[in-house]
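I have placed the structure first, in the form of structure tokens, so that the comments after it can refer back to it.
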Protein chains: 2
Amino acid sequence: MLDKAIPDIVIGRLPLYLRTLQTMAEQGRQVTSSQELGEYLGISAAQIRKDLSQFGEFGKQGTGYNIPYLIEQLSEILNVNRTWEMAVIGAGDIGHAIARYQGFIDRGFKVKMIFDSHPEKIGKKIGEFVVQDAADMVARIRAAEIKIAMLVVPAQHAQAVTDQLIEAGVRAILNYAPVMLNVPPEVRVQHIDPAVHLQRMTYYLD
Amino acid sequence: MLDKAIPDIVIGRLPLYLRTLQTMAEQGRQVTSSQELGEYLGISAAQIRKDLSQFGEFGKQGTGYNIPYLIEQLSEILNVNRTWEMAVIGAGDIGHAIARYQGFIDRGFKVKMIFDSHPEKIGKKIGEFVVQDAADMVARIRAAEIKIAMLVVPAQHAQAVTDQLIEAGVRAILNYAPVMLNVPPEVRVQHIDPAVHLQRMTYYLD
DNA sequence: TAGATTGTTAATCGATTAACAATC
DNA sequence: TAGATTGTTAATCGATTAACAATC
């Protein structure tokens, strides 16, 4: 019998569970419960138990969940019990900030290279990186077998760059450009658009 | 009879409709259809019609939707037919990038001030702004009647700063810190955490 | 007019929650 | 043991879709 696929909406919550558990672990905590996690995240305890039960039995009745153990299990499920190398495309302000961001490494990610197409940016240093020519992007990403890209180019170039990334073998794109991207089904895309997030709140303001 | 509240998940899609329509308008387009919008966004045409019908009748049978008119209507619904002034809290790399970001103004937002607590940052210029002392934050935000803040401080300070923002009258927070924020029900929060977005994709990678 | 597309209803589908036996 | 909390089932709730009359 074919296992039913895990719903996307469940997968979407797992990183929040993991982040919360890692914060607890940093505070020296050893165990937690679905109730405590739920209260912290604004999610029902039943939902957390149900989500986790899709993947196995990670808790103990009467006790709850062992934090280091659940971190290990969730990291494995999410494929972040390893470090993914990433390419940043676009060396503007945001690309710059991402390349220097220190928060990725503990969570399974590392920026490996950054590209731009503007001659005045190519060769410049950003943190530990030298901005590379976008003309070499496909070859370099393919040679390094990089599968994840963060796209930080102007909206009008986003689709063309995406097509190149796919050609280079990229399978996951975190898109900072305020446009949808057309990709084949085996490529995943997530979007970050601050204005969209802000507009989701202004509806509720007077 | 009490009108049923519009579901949050519907509100969440409206900014995507608006963004798409604005892109179409820039291209000189005059009309579109629920089908075209749906194909572009990866949403069913029926859902788009149903979402819009919660707020009124904006289309014409046989023709579709007039783009400038629908932009106007959605802008009004989302309260972005005005410009919201925002405060940026934290003048690190990301705060820096946000303060200089040019993409807000067309979408209803404008950065008005930026704060930091580090003496070496206070007084420095970022774009057109001078970094202000976080000690003055509550008074300055309250005096300017700013209702929206972008929170770009280290995780360990996020809750304490949030408490101050609420004291200052802020009603919507875009949180870049990788932690949940505890806020009263009248305050809205949206989260941006690149590592969470990345982990939502690595699940699907080998 | 004929073709296209809306707005809306009813049916379907899927996600969340409540409840509880099992058991640490 | 008594209290706590899991994993799971069934019930509920809510969101999505299909279909079509209305009409531009």
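Convention: sequence-line order gives letters A, B, ...; per-chain numbering from 1.
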>> Can you tell me how far apart CD1 (B/Ile48) and CG (B/Leu41) are? Round to the nearest 0.5 Å.
In response: 5.5 Å
> With sequence neighbours excluded, what pairs up with B/Phe129 under the ring pair (Phe, Tyr, Trp, His ring centres under 6.0 Å) test?
Replying inline: none
Which pairs would a plain distance check flag for residues 71-82 of chain A, meaning a side-chain donor or acceptor within less than 3.5 Å of a matching protein atom at least two apart in sequence or in another chain?
from: A/Ser75; atom 1: OG; to: A/Ile71; atom 2: O; distance (Å): 2.7
from: A/Asn79; atom 1: ND2; to: B/Thr202; atom 2: O; distance (Å): 3.0
from: A/Asn79; atom 1: ND2; to: B/Leu205; atom 2: O; distance (Å): 2.7

> Does atom CD of A/Glu186 have more than 12 heavy-atom neighbours from other groups under 6.0 Å away?
Replying inline: yes
> So, is B/Tyr65 near the phosphate of C/dA4, with a side-chain N or O under 4.0 Å from OP1 or OP2?
Replying inline: no
>> My understanding is that only residues two or more places apart in sequence, or in another chain, count here; which of them pass side-chain hydrogen bond (donor to acceptor under 3.5 Å, both in side chains) with A/His118?
In response: A/Asp116
> Side-chain donor-acceptor pair under 3.5 Å between B/Tyr204 and A/Asp8, yes or no?
Replying inline: yes
> Partners of A/Arg142 by side-chain hydrogen bond (donor to acceptor under 3.5 Å, both in side chains), sequence neighbours excluded?
Replying inline: none
>> Whole angstroms only, please: what is the CD1-P distance between A/Ile67 and D/dT6?
In response: 12 Å
>> Any residue in residues 16-40 of chain A with a heavy atom nearer than 4.0 angstrom to DNA chain D? Just list them by number, or reply none.
In response: A/Ser33, A/Ser34
>> Without decimals, in angstroms, what is the distance between A/Gln54 CD and D/dT9 C1'?
In response: 14 Å
> Separation of B/Lys60 atom NZ from C/dG3 atom C1', in whole Å?
Replying inline: 17 Å
>> What does the B/S/- profile of nucleotides 12-18 of chain C look like, 5' to 3', with a 4.0 Å heavy-atom cutoff to protein?
In response: ---SBBB
> Between D/dT5 atom P and A/Asn66 atom CG, what is the distance in whole Å?
Replying inline: 15 Å
Below 3.5 Å between N/O atoms, which protein atoms pair up with nucleotides 21-23 of chain D? Just atom names and distances, please.
from: D/dT23; atom 1: O4'; to: B/Gln61; atom 2: NE2; distance (Å): 3.3

> Going by heavy atoms in the side chains, are B/Gln159 and B/Leu181 under 4.5 Å from each other?
Replying inline: yes
> Does anything in residues 162-175 of chain A pair up under salt bridge (Lys or Arg N to Asp or Glu O under 4.0 Å), and if so which pairs, sequence neighbours excluded?
Replying inline: A/Arg171-B/Asp206
> When the distance from CD of B/Glu57 to C1' of C/dT8 is rounded to whole Å, what number comes out?
Replying inline: 10 Å
> Expressed in angstrom and rounded to an integer, what is the separation of A/Leu70 atom CG from D/dT6 atom P?
Replying inline: 11 Å
> Is there a donor-acceptor contact under 3.5 Å from the side chain of B/Arg107 to the main chain of A/Ala195?
Replying inline: no
> Can you list the residues that meet the side-chain hydrogen bond (donor to acceptor under 3.5 Å, both in side chains) rule with A/Tyr69, with sequence neighbours excluded?
Replying inline: none
Let me have the donor-acceptor pairs involving side chains of residues 17-34 of chain A, under 3.5 Å, with sequence neighbours excluded, atom names and distances please.
from: A/Tyr17; atom 1: OH; to: A/Asp51; atom 2: OD2; distance (Å): 2.6
from: A/Arg19; atom 1: NE; to: B/Pro178; atom 2: O; distance (Å): 3.3
from: A/Arg19; atom 1: NH1; to: B/Asp193; atom 2: OD2; distance (Å): 2.8
from: A/Thr20; atom 1: OG1; to: A/Leu16; atom 2: O; distance (Å): 2.8
from: A/Thr23; atom 1: OG1; to: A/Arg19; atom 2: O; distance (Å): 3.1
from: A/Arg29; atom 1: NH1; to: A/Glu36; atom 2: OE2; distance (Å): 3.2
from: A/Arg29; atom 1: NH2; to: A/Val31; atom 2: O; distance (Å): 3.0
from: A/Arg29; atom 1: NH2; to: A/Glu36; atom 2: OE1; distance (Å): 2.9
from: A/Arg29; atom 1: NH2; to: A/Glu36; atom 2: OE2; distance (Å): 3.2
from: A/Thr32; atom 1: OG1; to: A/Glu36; atom 2: OE1; distance (Å): 2.4
from: A/Ser33; atom 1: OG; to: A/Gln35; atom 2: N; distance (Å): 3.4
from: A/Ser33; atom 1: OG; to: A/Glu36; atom 2: N; distance (Å): 3.1
from: A/Ser34; atom 1: OG; to: A/Arg49; atom 2: NH1; distance (Å): 3.1

Indicate every side-chain donor-acceptor pair of residues 55-65 of chain A with a distance under 3.5 Å to a residue at least two apart or in another chain.
none

>> Dot-bracket for DNA chain C, please. Rules: Watson-Crick or G-U, both distances under 3.5 Å, ( ) within the strand, [ ] when a pair crosses earlier ones, | for another strand, . otherwise.
In response: ..||||||||||||||||||||||
